[in-house]
Amino acid sequence: MKKHWREIMLVNDKWEGPIVDQHMHLDKTNRFLSAAEEFSNAGGTGIFLVHKPSFSTSLPRNISDYRDVYQETLNMASKVREKIGLDVQVVLGPHPVTWDIQANTMGVEESTELHISAVGLALEMIENGDAICLGEVGRPHYQVSEDRWERANDMLLEIMRMASSSNSPVQLHVEDNGHQTCADLASLCDKAGLPRNRAVRHFASSDLTQKNTSGLPVTVSMGKGSIEGICSSIELSKSHWGMETDFLDDPRRPGAVLGPRTIPKRTNQLCKALRLMGWDNDKIERCILDIHENWISSTYF
Ligand SMILES: [Zn+2]
C-alpha cells in the first residue's frame, strides 16, 4: 500500500513526504489509537508496531499463549490501519527480557526452549505475510550473571540462524556498550549466516560512523541531542539508518521513552539542520527519503 508522494516533498524546509517511526509499541489497554492518531496528526505516515510483552501482568507460559499475544498485536495493527490510516508494519518476536525473567521462574532450559519456539512461531507468521520482521529479539540490556550472559549469546546465535534460514530481517534489543555492541552483533551475524544489512540494531545512539555501527542498519533513538549527533556523523555513515521512539504506551513510565510526535518533529528539525550545513534542497530530500522510505525497503523487504 505505497502512497504516491508529490514530486517535491520539501516545502520551505518543511517535510511533506513519508515519516516512519521504526520502533513503536502500542497497548490496547492504554492510549493505543489516540497515540497513533497523535503521530499521524503531527505528520507521521507509518510505524513499525513492535510486539509488546506484558511484563506487568502475565508473561506467556507456553507456545499457545504466544500465539494469542502475537495475534493481539496483529489485531492492533489492523485497527490502526483501518481507523487512523497509517502504514503499519508488524514486528513479532519474544523479548529477551522475557526470557531472562522466565529463566528465574521456570529455569533457563525451559525458558530457552519456549523462547526458541516463540521465535519459530513468529517466523512462521512472517512467512505467512502477517508480519515483516522478527523482533525485538536480542539479549538483556542490563548486567546478568556470566552464565546467563553466555546462554543469552548462544540463544541469540541460534535465533539469528533461524532468521537467516527463513530470510527474515531482525530488530535487535541489546545492551549499550559503545561501539563494541555492534561489532559483537556483526560477528554473531557472520557466524549465523545472517546478512549484516538485515540485522537492525534498535535504540541506537546517533553516532552513525562505521566504527560505531559496524555496517549494521541502526534505528536511532531520537531524543535530545540526536540531531546534533546525526549531523556530525552523517557524512561518515555507510549504514542504512532510521528513526525511532521506542514509545511504550505505558502511563507508569511516561518519561522512559519518547512521545508519538517525536519523529515528525525531529524529521523537520533535521531538514533545518542540514540546511544550516549548506545542503541544497535536492540533497536534503534524497536524504530524508532514504531514511523514511528507501532504506526501509532495502532492509526489510
Ligand atoms: Zn521496544
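Not measured: the values here are computed from a predicted model. Both counts, for ligands and for their atoms, begin at 1 and track the order of listing.
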Derivation and outcome, ring-ring contact (aromatic ring centres under 6.0 Å, His included), residues F247 and F39: CA-CA 11 Å; F247 179 67; F39 171 74; 9.9 Å; no
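Distances under 2.8 Å from the Zn ion (ligand 1) pick out the protein N/O/S atoms H23 NE2, H25 NE2, E136 OE2, D246 OD1.
No more than 12 heavy atoms of other residues, nucleotides or ligands sit less than 6.0 Å from atom CD of E113.
Applying the side chain to side chain donor-acceptor pair (under 3.5 Å) test to T181 and every residue at least two apart in sequence or in another chain returns E175. Qualifying ring-ring contact (aromatic ring centres under 6.0 Å, His included) partners for H51, counting only residues two or more places apart in sequence or in other chains: Y70.
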Ignoring hydrogens and angles, write down the donor-acceptor pairs under 3.5 Å from the side chains of residues 218-227, residues two or more places apart or on other chains.
from : atom 1 : to   : atom 2 : distance (Å)
T219 : OG1    : E244 : OE1    : 2.6
S226 : OG     : G223 : O      : 2.6

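The pair E109-R151 counts as a salt bridge, with a side-chain nitrogen and a carboxylate oxygen less than 4.0 angstrom apart.
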